[in-house]
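Read the numbers this way: they start at 1 and go in the same order the structure lists the ligands and their atoms.
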Amino acid sequence: MGEHFDLLLAGAGHAHLGVLRQWAVNPKTRPAGHIGLLSADAHAWYSGMLPGLLRGRYALEQCRIGLTELCTAAGVELLLGQACGLEPAAQQLQVSDGRQLQYRYLSLNLGSQPLAPTQYGSGLELLPVKPFSAFIARWQRWQQQPQPLAILGGGAAGVELALALAPQLPALSLLTAGNLLDGHPPALRKRALAYLGKAQVVVQEHCRVDEAQGQHLLSAARVVWRGNRAVIASGASALPWLQACGLACDNQGFVSITASLQSSSHPTVFAVGDCASLAHTPHNGVYAVRQGPVLAHNLAALSEQRALRTYQPQRRALALLATGDGGALASWAGLTFEGQLLGRWKDHLDQSFMRRHGNI
Ligand SMILES: Cc1cc2nc3c(=O)[nH]c(=O)nc-3n(C[C@H](O)[C@H](O)[C@H](O)COP(=O)(O)OP(=O)(O)OC[C@H]3O[C@@H](n4cnc5c(N)ncnc54)[C@H](O)[C@@H]3O)c2cc1C
């Protein structure tokens, strides 16, 4: 039998950071008992600032939150390790180093991973943008000998990465399965294409990369790019071990949850952020942050047998994309904007988030 927790938080995602902060600031709201946080990394990285970090506008320490201090302040035991299996019936989470963690209640905020093309042979290094610490370490190595690069994925993350990295590379291509910035207003795509054009990024739309063979990227058996290095930023896909563990999942493998943020098959398990699936709730950080207060309330309420709250996803969210030059593109309610002032506002919002969670 492994270590036992009354409540185990798995992953230091955005919602869990909010929960930890609430317990640190207002200890009365912390549920009683032994609480642990299992995290693969000793820091929680803030994706909103990653483009600024890569562009050299921020230092490493400005973009990550130290979990030791936050957990200590919240009265939570920090366990470093990679979750690799879950047995909901036995209420047990498995860690890759062999530890078995027993829980009464479990909350999952583990994020997602970019979907990589199948790779045959060597010659092309494929670098997923997540986990961030591994991405940054490899990128720092690559920076010492810049080479042409492909970015796979034309969502907000791919566009921000391309605009941040373009001036540092001899050539950069952005390959995307559908239209650039699918799901955003067409006017935002137009604005982004203009910025990418100015930065000399070659954009290939409707080009789903499904294979890497030797030094080639292929789309439907056609070679679409040749080189040695590619970054994978192709949106959120489910963690394979989580979709295989027996919790009810949607057809993409994300954990199905109810409006109280509980697993729809196992109510002692909560799931939030990118790893969870709920109607009208896109996979991005804005929604994960907003789930935090409801999760904090429900974790305490369930163990004290009080009424649970329901999470209502906001009907629209502001999208702010860094353009690499200190400015930003924005879309809100179908309208789009751009400029340096928006960039300063984005910096302010990002740094406020970091101050809220880092200065406990
Ligand atoms: C370059 C880039 C820029 C982005 N910019 C924005 C933006 O400006 N606004 C926005 O809303 N979204 C943005 N996103 C999307 C955003 O990063 C994700 O949607 C968001 O991080 C999801 O949050 P989360 O709380 O689900 O999990 P995450 O923030 O991804 O956190 C997951 C946590 O779980 C840990 N973890 C993962 N697997 C395990 C495991 N097996 N065991 C233990 N711990 C584990 C990780 O270490 C991490 O701490 C961006 C993404 C990228 C790639």
Side-chain angles (χ1 to χ4, degrees), residues 8-20 36-55 63-65 67 70 78-86 93-97 99 101 107-114 127-136 139 151-153 155-165 231-242 245 254-255 271-278 281-292 295 314 317-322 324 328-330 346-347 349-350 353 357:
L8 184 58
L9 309 177
H14 291 62
H16 280 175
L17 292 177
V19 169
L20 292 169
L37 169 74
L38 176 71
S39 173
D41 197 312
H43 295 93
W45 294 83
Y46 185 49
S47 56
M49 291 171 75
L50 185 71
L53 170 70
L54 296 172
R55 189 60 179 256
C63 307
R64 60 187 193 181
I65 294 159
L67 294 175
L70 186 58
L78 174 61
L79 304 134
L80 291 180
Q82 184 95 27
C84 63
L86 171 64
L93 186 73
Q94 284 123 27
V95 188
S96 60
D97 57 14
R99 276 175 293 170
L101 308 176
S107 178
L108 304 167
N109 189 191
L110 293 158
S112 56
Q113 61 183 28
L127 176 56
V129 68
K130 285 187 175 187
F132 288 140
S133 48
F135 172 75
I136 290 160
W139 173 252
I151 296 178
L152 276 53
V159 169
E160 285 192 305
L161 288 176
L163 291 172
L165 299 181
V231 166
I232 307 168
S234 48
S237 78
L239 303 175
W241 65 267
L242 195 53
C245 73
F254 297 106
V255 177
V272 283
D274 276 11
C275 70
S277 169
L278 184 67
T281 310
H283 292 127
N284 73 39
V286 173
Y287 288 80
V289 169
R290 294 283 181 95
Q291 290 174 332
L295 179 67
Q314 65 218 76
L318 172 74
L320 268 176
L321 277 65
L329 299 175
K346 176 170 163 48
D347 283 345
L349 295 176
D350 288 341
F353 180 90
H357 294 87

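Distances from atom 45 (C) of ligand 1 to the heavy atoms of Leu110, Val272, Leu349 put Leu110 nearest. Evaluated by nearest non-hydrogen atom to atom 44 (N) of ligand 1, the leading choice among Ala40, Ala83, Ser133 is Ala40. Nearest residue to atom 1 (C) of ligand 1 from Leu50, Val159, Leu320, Asn109 is Leu50 (criterion: closest heavy atom).
For atom 16 (C) of ligand 1, the nearest protein heavy atom lies closer than 4.0 Å.
Distances below 4.0 Å separate heavy atoms of Gly285 from the following atoms of ligand 1: 10 (C), 11 (O), 12 (N), 16 (C), 18 (C), 19 (O), 20 (C). The contact set between ligand 1 and Ala12, taken as ligand atoms under 4.0 Å from a residue heavy atom, comprises 33 (C), 34 (O), 49 (O). Heavy-atom contacts of Asn284 reach the following atoms of ligand 1: 11 (O), 12 (N), 19 (O) (cutoff under 4.0 Å). The ligand atoms of ligand 1 that sit less than 4.0 angstrom from a heavy atom of Gly81 are 42 (N), 43 (C). Listed by number with element, the atoms of ligand 1 under 4.0 Å from a non-hydrogen atom of Val129 are 53 (C). Proximity to Gly273 (heavy-atom distance under 4.0 Å) selects the following atoms of ligand 1: 26 (O). Listed by number with element, the atoms of ligand 1 under 4.0 Å from a non-hydrogen atom of Gly111 are 26 (O), 27 (O), 30 (O), 32 (C).
The protein atom (non-hydrogen) at minimum distance from atom 31 (O) of ligand 1 is Gly13 CA, 3.3 Å. Of all protein heavy atoms, the one lying nearest to atom 30 (O) of ligand 1 is Lys130 NZ, 3.1 Å. At the shortest separation from atom 7 (C) of ligand 1 among protein heavy atoms lies Gly48 CA, 4.4 Å. Here the protein heavy atom with the shortest distance to atom 9 (N) of ligand 1 is Val286 CG2, 4.5 Å. Shortest contact from atom 6 (C) of ligand 1 to any protein heavy atom: Ser47 OG, 3.9 Å. Protein heavy atom nearest atom 52 (C) of ligand 1, with residue, atom name and distance: Ala157 CB, 3.5 Å. Shortest contact from atom 35 (C) of ligand 1 to any protein heavy atom: Gly11 CA, 3.9 Å. Protein heavy atom in closest approach to atom 23 (O) of ligand 1: His14 ND1, 3.2 Å.
Of all the heavy atoms in Leu38 and Leu80, the pair that sits closest is CD1-C, 4.2 Å. Looking at every heavy atom in both residues, Val272 comes nearest to Ala15 through CG2-CB, 3.7 Å. When all heavy atoms of Phe135 and Val129 are compared, the pair lying nearest together is CB-O, 3.4 Å. Looking at every heavy atom in both residues, Leu54 comes nearest to Ala164 through CB-CB, 4.4 Å. Among all heavy-atom pairs drawn from Gln113 and Pro240, the shortest one is NE2-CD, 3.5 Å.
Summarising the geometry, atom CG belonging to Leu329 is positioned 11.0 Å from atom NZ belonging to Lys346; distances are rounded to the nearest 0.5 Å. One distance of note links OH of Tyr46 with NE2 of His357; it measures 9.5 Å at 0.5 Å rounding.
A distance-only check finds a donor-acceptor pair linking the side chain of Asp97 to the backbone of Arg99 [under 3.5 Å]. Under the 3.5 Å distance criterion, the side-chain polar atoms of Arg55 are matched with a main-chain donor or acceptor of Leu163. Judged by distance alone, with hydrogens and angles left aside, the side-chain atoms of Gln94 form no donor-acceptor pair with the main-chain N or O of Ala83 at under 3.5 Å.
For Arg64, the CZ atom is densely surrounded, since the number of other residues' heavy atoms within 6.0 Å is greater than 12.
Here Glu160 has side-chain heavy atoms under 4.0 Å from ligand 1, and that is the only part of it that gets that close. With a heavy-atom cut-off of 4.0 Å, Leu321 does not touch ligand 1 at all.
By the 3.5 Å distance cut-off applied to N or O atoms, His43 is not counted among the residues near ligand 1.
Between Phe254 and His283, a ring centre-to-centre spacing shorter than 6.0 Å is recorded.
In this structure, a donor-acceptor pair under 3.5 Å is present between the side chains of Ser107 and His16.
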